[in-house]
Amino acid sequence: MKSIVKSSHETARSVFLHAFARLDALALGVALGCWSGLLLLGSTWFLVLRGGSSAVSFFALLANYFPGYTVTWQGGAAGLIYGFLTGFTVGWGFARLRNLAVRLYVALAKLKAAYSMLAERIDQ
């Protein structure tokens, strides 16, 4: 009987660890940074190849946030750098905040379980 309980406990622990696994902030930041940088580079170069349109003036507004960015071949390279930095910051920050939220949730769950066990012992 003890081996069944231990096995069940280990399975529950394994499921819990997988459900609340930590996100690697650096990996998520680099992945999102690469993706957003390449997306901005590709979008800019697509607009350069396509020619003038209303989307060009829309993308030109990014120069307000990213100094040096223009809808040109060189501006696409600047967009790659700015896109990477922005994506990295968002990905890294999201992972850090999510890990913090999970840690707080688990700590509160443990506290609630300890309180429940204490209240149950006092009632006996």
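- Phe46 and Leu61 fall into different hydrophobic clusters, where Ile, Leu, Val, Met, Phe, Trp and Tyr residues are linked whenever their side-chain heavy atoms come under 4.5 Å apart, directly or through other members.
- Linking Ile, Leu, Val, Met, Phe, Trp and Tyr whenever their side-chain heavy atoms come within less than 4.5 Å puts Trp92 and Val30 in one cluster.
- The CZ atom of Phe88 lies 5.5 Å from the CG atom of Leu26; values are rounded to the nearest 0.5 Å.
- How far CG of Leu38 is from CH2 of Trp45: 9.5 Å, rounded to the nearest 0.5 Å.
- Shown here are the ring-ring contact (aromatic ring centres under 6.0 Å, His included) partners of Tyr105, two or more places apart in sequence or in another chain: Phe20.
- For the atom pair CG (Leu97) and CG (Leu23), the distance works out to 11.0 Å, reported to the nearest 0.5 Å.
- When all heavy atoms of Val48 and Val71 are compared, the closest pair comes out as CG2-O, 3.6 Å.
- Annotation: side-chain hydrogen bond (donor to acceptor under 3.5 Å, both in side chains) contacts of Thr89 (sequence neighbours excluded): none.
- Heavy-atom neighbours of Trp73 CH2 from other residues, nucleotides or ligands within 6.0 Å: above the threshold of 12.
- A pairwise comparison of heavy atoms in Ala78 and Tyr69 identifies CB-CA, 4.5 Å as the closest pair.
- Evaluation of the side-chain hydrogen bond (donor to acceptor under 3.5 Å, both in side chains) rule for Ser43 yields no partner, not counting sequence neighbours.
- With rounding to the nearest 0.5 Å, the separation of CG in Leu118 from CZ in Arg121 is 9.0 Å.
- Closest heavy-atom contact between Leu41 and Leu80: CB-CB, 4.2 Å.
- Nearest approach of Leu40 to Gly79, heavy atoms of both residues: CD2-O, 3.2 Å.
- Cluster annotation: Tyr115 is not connected to Ile122 through the hydrophobic network of ILVMFWY side chains, with a link wherever side-chain heavy atoms come within less than 4.5 Å.
- The hydrophobic cluster containing Leu39 does not contain Leu49, counting ILVMFWY residues as joined when their side-chain heavy atoms lie under 4.5 angstrom apart, directly or transitively.
- In this structure, CZ on Phe84 lies 8.0 Å from OG on Ser36, to the nearest 0.5 angstrom.
- Considering all non-hydrogen atoms of both residues, Ala95 and Ala25 come closest at CB-CA, 3.5 Å.
- The line from CZ of Phe59 to CG of Leu47 is 5.5 Å long, rounded to the nearest 0.5 Å.
- Two residues are said to be in side-chain contact when any heavy atoms from C-beta on lie closer than 4.5 Å; Phe66 and Ile81 fail this criterion.
- Minimum interatomic distance between Arg22 and Arg98 (heavy atoms only, all atoms of both residues): CA-NH1, 4.2 Å.
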